[in-house]
Structures are given as structure tokens and as C-alpha cells.
Trainee: 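Mind looking over this structure? Questions follow.
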2 protein chains.
Amino acid sequence: MTARAASERAPQPAEPAPWASVRERLRARGLRWTPQRRVLIDVLAASTGHVTGSELVDRCRAVDPATVPSTVYRALDVLEELGLVSHSHGHDGREEFHILPDAAHGHLHCTRCRRTWELPAGEAAELTIGLHDARGFSVDLSHLSVGGLCADCRGA
Amino acid sequence: MTARAASERAPQPAEPAPWASVRERLRARGLRWTPQRRVLIDVLAASTGHVTGSELVDRCRAVDPATVPSTVYRALDVLEELGLVSHSHGHDGREEFHILPDAAHGHLHCTRCRRTWELPAGEAAELTIGLHDARGFSVDLSHLSVGGLCADCRGA
DNA sequence: CGCAGTATTGCACGGTGTTGCAACAGCGGG
DNA sequence: CCCGCTGTTGCAACACCGTGCAATACTGCG
């Protein structure tokens with residue numbers, strides 16, 4: 001039966017370390033563990049990459065139809081403080097949440113095809129360092145979102 | 001005085017060339033000159049720097065109480081195509097319009113004090129060139145908005 | 001000057017997020 | 001095991017912005 005080769009990230013209910021400790025992390029801050037937050041955590045644990053706010057609201061509603069948007073958004077604020085998600089604004093100003101940011105990075109999004117890519121810190125280093133030296137400005141890479149045309153769309 | 005050095009593009013107050021020719025520029029494209037657009041142009045000509053969409057709506061309403069938001073936003077779209085304004089998204093995803101962009105440039109905004117600064121193309125050159133070379137991605141500088149902490153707020 | 005054609009307007013409605021507030025419910029203590 | 005403190009929720013209302021659609025009014029033309 002599938003032996004121990006389970007390390008191959010397969011059927012995985014996706015519930016690794018970070019999410020498991022959320023409850024304790026909340027308690028440690030005097031914050032509370034509620035059914036609504038549990039739902040959101042479940043949804044997040046089952047998602048990856050980028051999601052918009054309303055998308056998360058929808059998914060939560062799928063689990064618990066009684067879900068209310070404001071609660072989800074407020075819960076996301078809390079989780080952002082814990083560093084479990086980060087958000088930035090897409091081309092249209094809509095919120096995009098980034099789940100479990102493994103490393104600070106920005107985003108690149110094509111104005112035409114709307115695809116997005118991650119922008120590792122390294123590629124933005126000269127900008128961040130330059131601004132830091134020249135102006136004392138400390139860039140928040142996770143909120144950085146660079147718009148433009150991707151290679152494919154430039155061709156067209 | 002200052003002789004022919006007039007080439008130094010400065011003296012005009014708030015109603016220089018660009019706005020005066022808007023009507024012709026619209027006509028040249030088969031677009032129309034309407035009272036609503038005139039109001040917006042007046043408002044824009046009297047403003048400088050950055051303004052949010054709703055701020056413009058308010059100012060237009062001050063001139064003509066019958067102003068409707070959707071009309072203003074659509075007019076702004078048109079003016080953006082003419083290159084008279086450009087917009088980007090502020091820290092909160094709200095639209096920020098930049099009037100009469102003299103040169104492509106991005107924005108820097110402090111997450112704490114909410115002040116914003118312009119980011120001249122030069123300072124972002126390494127980023128834009130780097131992305132162009134490495135990924136064939138062509139950055140749209142005018143939509144670039146970099147968040148973070150300004151020197152003052154970093155101190156605090 | 002009046003007409004026809006089409007760009008625009010106004011309006012109503014939809015989507016995404018935020019906020020104030022009263023009621024509720026975790027969580028620790030007695 | 002019940003109590004109370006305080007963090008949270010749900011609701012309702014609001015703000016900002018976009019869009020579909022029918023009515024309107026610029027514009028160029030005859």
C-alpha cells in the first residue's frame with residue numbers, strides 16, 4: 001500500500017506544520033480560536049499560490065454557507081500579522097493573497113494576459129538597495145507588484 | 001530676461017498647452033467634447049500631483065453638482081489614453097491619478113505616514129532593464145508603485 | 001439649418017472591501 | 001461548573017469603482 005514513499009507529495013490533505021500551530025500562535029497572543037477561523041485555515045491549507053479575497057470568501061462559504069465576508073477579511077488581517085499570508089494589490093486593485101510566503105518576493109503581472117509571476121528578492125535587489133541607500137526608504141517587497149507586458153504579449 | 005532660455009519648460013501657471021489642446025485631440029480621434037469632460041479638464045488643470053478617483057469626483061461635483069461618478073471614471077479612461085493622466089493603485093488598492101505625467105515614473109509610498117514620492121525612471125532602471133533582459137518583461141513604470149517605510153518612519 | 005450616426009451620459013445594479021455596533025462566545029479564574 | 005472579561009462575529013450600511021443599457025446630444029454632412 002503506497003509504502004512509505006509517501007514523501008511524494010501526493011493526496012496530501014495539505015496540512016503541514018505552519019497551519020497546525022496556528023491555534024497556539026493565536027492563543028499566545030491572547031487571540032481566539034473560533035469555528036470561523038478554523039474554516040478559513042482549512043481553506044488556506046488547501047490552497048496554494050495566489051488567491052483573491054472574494055475567492056477565499058467563496059471557498060469558505062462552500063464549507064460553511066453562513067460565512068460572512070467581513071469576518072473572513074478580518075481573519076485574514078490577523079493571519080497576515082502572524083505571517084501566514086501576505087497580500088498585495090493586483091492590476092485592478094483587487095486584493096491578492098499570497099499563502100505561506102516562503103520568502104519575501106514581489107509579483108510581476110502582465111497587463112494583457114493577466115498572468116502573474118513571482119519576483120524573487122534577488123531580481124529586485126538593486127532597486128531595494130538603491131532606494132535604501134539613496135533615500136533611506138525600506139521597500140516592502142511582499143507588496144511590490146510590477147505591471148507590464150510579458151515576453152509573449154510583447155510579441156503580439 | 002532669461003532670453004531665449006525659455007526652452008526651460010517652466011513658467012506657465014495651471015493652464016498650459018496640454019489642456020488647451022484636449023478638445024482638438026479628442027476630435028482628432030472622433031471623440032467628443034462634452035460639458036462633463038470640460039468640467040473634468042478644468043478640475044484637472046487646477047490640480048497637480050496625485051489625486052484619488054473619488055477626490056476628482058468630489059471636485060467635479062463642486063463645479064457641477066449633477067456630476068455622476070461613472071462619467072468621471074470613463075472620462076478619465078479616455079484622458080489616460082491621450083496620455084494626460086495616468087493611474088496606479090495606492091497602498092489600499094484605491095486608484096491614484098497622476099496628472100500630466102511629464103515623464104514615465106513610478107511611485108513610492110510609505111505604509112505608515114502614507115506620503116508618496118515620485119520614483120524617476122533612473123532609479124528603477126536596473127530593475128526594468130534587468131527584467132527586460134532576463135525575462136523579456138517590459139515594465140510599465142507608470143503603474144509601478146512601491147510600498148515600504150520612508151526614512152522618517154523607519155526612525156520611529 | 002436640419003439630419004443621421006454614433007459617442008456619451010445617467011442610472012441602476014453588481015462586486016469587493018471596510019467599518020460601527022450590539023450581541024455572542026472563547027478562555028481563564030474563582 | 002459558573003462567571004466575567006474581552007476578543008469576535010454578524011449585520012447593516014457605506015465607499016469606491018466598473019458595466020450594461022436606453023436615452024441623449026455632439027458632429028460632420030448635405
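Since we're looking at a predicted model, the values are computed, not measured. Per chain, numbering begins at 1; letters A, B, ... match sequence-line order.
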Trainee: Does A/Gly30 reach a base, just sugar-phosphate, or nothing at all? Heavy atoms under 4.0 Å.
Mentor: sugar-phosphate
Trainee: Given D/dC16, D/dT9, C/dG10, which nucleotide is nearest the side-chain atoms of B/Val68?
Mentor: C/dG10
Trainee: By nearest heavy atom, map B/Pro69 and A/Ala75 onto DNA chain D; which one lands nearer the 5' end?
Mentor: A/Ala75
Trainee: The side chain of B/Leu31 lies closest to which of these nucleotides: C/dT9, C/dG26, C/dT8?
Mentor: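 Looking only at side-chain atoms, B/Leu31 lies closest to C/dT8.
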Trainee: Using whole Å, report how far CD of A/Glu95 lies from C1' of C/dT18.
Mentor: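 One finds 10 Å between C1' of C/dT18 and CD of A/Glu95, rounded.
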Trainee: Please determine, for the side chain of B/Thr71, which listed nucleotide (D/dC17, D/dC11, C/dG10) has the closest atom?
Mentor: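 Among the listed nucleotides, the one closest to the side chain of B/Thr71 is C/dG10.
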Trainee: Expressed as a whole number of angstroms, how long is the span from A/Arg94:CZ to D/dT19:C1'?
Mentor: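 A/Arg94 atom CZ is separated from D/dT19 atom C1' by 13 Å.
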Trainee: Which nucleotide in the set D/dC5, D/dT9, C/dG10 lies at the smallest distance from any side-chain heavy atom of A/Arg37?
Mentor: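 Closest nucleotide to the A/Arg37 side chain: D/dT9.
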Trainee: Taking the minimum atom-to-atom distance to the side chain of B/Arg32, which one of D/dT9, C/dC27, D/dA25 wins?
Mentor: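 Of D/dT9, C/dC27, D/dA25, D/dA25 is nearest to the side chain of B/Arg32.
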Trainee: Among D/dG10, C/dT8, D/dT27, find the nucleotide with the atom closest to the side chain of B/Thr34.
Mentor: C/dT8
Trainee: Among the nucleotides D/dT27, D/dG20, C/dT19, which one has an atom lying closest to any side-chain atom of A/Ser70?
Mentor: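 Among the listed nucleotides, the one closest to the side chain of A/Ser70 is C/dT19.
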Trainee: Taking any heavy-atom pair under 4.0 Å as a contact, classify A/Arg27: base, sugar-phosphate, or nothing.
Mentor: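 Sugar-phosphate contact only.
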Trainee: Give the rounded distance in Å between these two atoms: CG of A/Leu79 and P of D/dT8.
Mentor: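 The answer, rounded to whole Å, is 11 Å.
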Trainee: Contact class for B/Arg29 vs. all strands (heavy atom < 4.0 Å): base, sugar-phosphate, or nothing?
Mentor: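 Contact class for B/Arg29: none.
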Trainee: Could you tell me the separation between the CG atom of A/Leu76 and the C1' atom of C/dG17, rounded to a whole number of Å?
Mentor: 11 Å
Trainee: Which heavy atom of B/Thr111 sits nearest a heavy atom of B/Gly147, and at what distance?
Mentor: OG1-C, 4.4 Å
Trainee: Rounded to the Å, how far apart are A/His89 NE2 and C/dT16 P?
Mentor: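 Roughly 15 Å, once rounded to whole Å.
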Trainee: Take the protein atom CG of B/Asp64 and the nucleotide atom C1' of C/dG10, then report the distance between them rounded to whole Å.
Mentor: 12 Å
Trainee: Can you identify which nucleotide, out of C/dC27, D/dG18, C/dG17, has its nearest atom closest to the B/Tyr73 side chain?
Mentor: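 That would be D/dG18.
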Trainee: Can you find a side chain N or O atom of B/Gln36 that sits less than 4.0 Å from OP1 or OP2 on C/dG10?
Mentor: yes
Trainee: Quick one: which of B/His143, B/His89, B/His98 gives a ring-ring contact (aromatic ring centres under 6.0 Å, His included) with B/His107?
Mentor: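 Single pass found, and it is B/His98.
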Trainee: When you measure only distances, ignoring hydrogens and angles, does the side chain of A/Arg74 come within 3.5 Å of the base of D/dG10 through a donor and an acceptor?
Mentor: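 Result: at least one qualifying N/O pair found.
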Trainee: Is atom CZ of B/Arg38 surrounded by more than 12 heavy atoms (other residues, nucleotides or ligands) closer than 6.0 Å?
Mentor: no
Trainee: May I ask you to say what A/Thr52 touches in the nucleic acid, namely base, sugar-phosphate or nothing, with a heavy-atom cut-off under 4.0 Å?
Mentor: nothing
Trainee: May I have the distance from A/His91 (atom NE2) to C/dT16 (atom P), rounded to whole angstrom?
Mentor: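 The distance from NE2 of A/His91 to P of C/dT16 comes to 12 Å, rounded to the nearest Å.
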Trainee: So which heavy atom on B/Leu40 is nearest to which on B/Ala75, and how close?
Mentor: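 What the structure gives for the nearest pair is CD2-CB, 3.5 Å.
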Trainee: Without decimals, in angstroms, what is the distance between A/Arg61 CZ and C/dG15 C1'?
Mentor: 12 Å
Trainee: Using 30° and 60° as the class limits, which term best fits the ring planes of A/His50 and A/His105: parallel, tilted or perpendicular?
Mentor: perpendicular
Trainee: Where each residue is assigned the nucleotide of DNA chain C containing its nearest heavy atom, which of A/Asp77 and B/Val78 is assigned the position nearer the 5′ end?
Mentor: B/Val78
Trainee: Quick one: which of D/dT27, D/dG20, D/dT8 gets closest to the side chain of B/Trp33?
Mentor: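 Comparing D/dT27, D/dG20, D/dT8 against the side chain of B/Trp33, the answer is D/dT27.
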Trainee: Let me check something: do B/Leu56 and B/Val68 share a hydrophobic cluster, defined by ILVMFWY side-chain heavy atoms less than 4.5 Å apart, either directly or through other members?
Mentor: no
